[in-house]
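Shown next, in structure tokens, is the structure this report addresses.
Just so you know, residue 1 is the first one in the sequence shown, and it goes up from there.
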Amino acid sequence: MLNFALSKQQSLLSELWEYFIDKYFSVEVPYLENFKLGSGSLVSLRWIIIGIVIGIVVASACSIYNKRYVGDFVRKVISEECFDASSAKTLYELGYLKHPAIRGMLKSGGTLSRWIRCVEEDDFIAATEAARQAFEEEHKNHSKSPKFKEPVFERDCNTMHFYIPEDKKYAADVKFDAKGADWRSFVAVTIISVVLCMFICYILPDMIKLVDNFISVMK
């Protein structure tokens with residue numbers, strides 16, 4: 001019974017979605033003299049336009065997320081004046097020990113790694129480089145020296161100390177500036193994108209017809 005109800009609901013949502021797309025994003029095929037353009041081509045073009053709009057909306061949401069949530073952490077590091085190894089602090093000291101998204105980003109060394117440095121990782125990289133040089137020096141006279149085995153740094157977000165280098169402070173502050181990054185901006189971008197998409201779909205047949213007429217004149 002539950003599966004039937006869910007199926008019925010999904011079917012209704014699907015029909016509403018198709019009705020909305022066909023009503024507000026329809027593209028009619030104009031009469032063309034110089035080339036053939038099937039309805040399938042215009043439908044594909046319509047979905048490309050809709051896809052671009054969806055991409056813009058998703059990008060806007062990601063930007064707001066980075067500036068508000070991730071940016072809060074970056075601004076916290078800056079406000080705590082963690083600009084070198086001696087002033088670096090742990091997530092616990094920064095108040096972000098129980099923030100899974102921030103922990104995940106720092107553990108994976110992804111987006112934040114461009115701005116946030118880790119004291120323990122810096123020490124690990126320095127020690128690894130010293131070990132590599134010693135290894136190469138030891139085997140420099142060998143005809144076939146073995147390959148240096150790179151150690152892997154294990155990130156522990158509970159104990160690592162983080163900081164933003166002084167020379168990156170300004171760039172990080174600008175990058176994660178939260179001004180204008182809120183739900184109102186997201187709603188505005190979404191509305192503008194949808195309206196623009198509807199307008200493009202509306203004038204697309206006329207634009208294609210205009211090109212067809214231009215070709216006829218140039219013949």
Side-chain angles (χ1 to χ4, degrees), residues 49-137 147-197:
I49 296 171
I50 292 174
I52 293 174
V53 170
I54 293 174
I56 293 173
V57 173
V58 172
S60 175
C62 292
S63 176
I64 292 173
Y65 174 80
N66 280 330
K67 288 180 178 293
R68 299 297 300 185
Y69 186 75
V70 180
D72 282 347
F73 174 70
V74 174
R75 288 187 291 275
K76 179 66 174 179
V77 176
I78 294 174
S79 67
E80 292 289 329
E81 298 184 350
C82 304
F83 300 133
D84 53 33
S86 61
S87 59
K89 293 186 177 181
T90 63
L91 287 183
Y92 176 77
E93 293 171 320
L94 293 168
Y96 278 83
L97 185 62
K98 295 184 179 180
H99 287 63
I102 298 298
R103 287 175 62 91
M105 288 182 180
L106 293 172
K107 189 174 181 62
S108 64
T111 306
L112 284 176
S113 62
R114 182 179 175 183
W115 313 98
I116 305 293
R117 297 279 292 275
C118 170
V119 176
E120 289 76 11
E121 187 172 17
D122 290 346
D123 294 341
F124 174 82
I125 292 174
T128 301
E129 184 60 28
R132 181 188 292 105
Q133 293 180 1
F135 180 86
E136 292 175 352
E137 180 68 21
K147 186 178 180 180
F148 178 74
K149 186 177 181 181
E150 294 280 350
V152 179
F153 179 69
E154 296 292 338
R155 289 173 170 265
D156 183 0
C157 291
N158 295 319
T159 59
M160 292 190 298
H161 294 73
F162 301 99
Y163 69 98
I164 294 177
E166 184 74 36
D167 60 344
K168 290 187 176 183
K169 178 182 71 171
Y170 177 75
D173 196 25
V174 172
K175 169 71 175 178
F176 294 97
D177 183 14
K179 185 178 180 180
D182 52 27
W183 66 269
R184 288 171 295 185
S185 300
F186 175 72
V187 171
V189 169
T190 301
I191 292 175
I192 293 172
S193 299
V194 171
V195 171
L196 182 61
C197 179

- Tell me, yes or no, whether the heavy-atom count around K175 atom NZ, taken from other residues, nucleotides or ligands under 6.0 Å, exceeds 12. no
- Query: Is the number of heavy atoms from other residues, nucleotides or ligands under 6.0 Å of Y69 OH greater than 12?
  - Reply: yes
- Item | Evaluation steps, side-chain contact (heavy atoms from CB on, under 4.5 Å), between L112 and V74 | CA-CA 9 Å; L112 284 176; V74 174; 3.9 Å; yes
Nearest 0.5 Å please: distance from the [atom1] atom of [X] over to the [atom2] atom of [Y].
X    : Y    : atom1 : atom2 : answer
R103 : R155 : CZ    : CZ    : 12.5 Å
L106 : D156 : CG    : CG    : 12.0 Å
N158 : L97  : CG    : CG    : 5.5 Å
C118 : Y163 : SG    : OH    : 8.5 Å
S87  : E166 : OG    : CD    : 9.0 Å
T90  : E93  : OG1   : CD    : 3.5 Å

- Message: Quick test of your reading of the model: are R132 and E150 salt-bridged, counting only N-O distances below 4.0 Å?
- Response: yes
- Item | Ion pair check, E121 and R117, cut-off under 4.0 Å | no
- Mind checking whether F153 and F124 have parallel, tilted or perpendicular rings, split at 30° and 60°? tilted
What I'd like to find out is whether the side chain of [X] reaches to under 4.5 Å of the side chain of [Y], using heavy atoms alone.
X    : Y    : value
D72  : I102 : no
F176 : F73  : no
E154 : V152 : yes

Shortest non-hydrogen contact from [X] toward [Y]:
X    : Y    : value
C157 : L91  : O-CD1, 3.6 Å
F148 : T128 : CZ-O, 4.0 Å
S193 : V189 : OG-O, 2.7 Å
V53  : V194 : CG1-N, 4.2 Å

- Task: Applying side-chain contact (heavy atoms from CB on, under 4.5 Å), run through I50 and C197 and close with a yes or a no.
- Result: CA-CA 7 Å; I50 292 174; C197 179; 3.9 Å; yes
- Message: Do K169 and F83 form a cation-pi contact, if we require the NZ or CZ to be under 6.0 Å from the six-membered ring centre and within 45 degrees of the ring's axis?
- Response: yes
- Task: Using modelled atom types only, decide if a donor and an acceptor are shared between the side chain of E120 and the backbone of H161 within a distance under 3.5 Å.
- Result: yes
- Counting distance only, does the side-chain N/O of S63 pair as donor-acceptor with the main-chain N or O of S60 below 3.5 Å? no
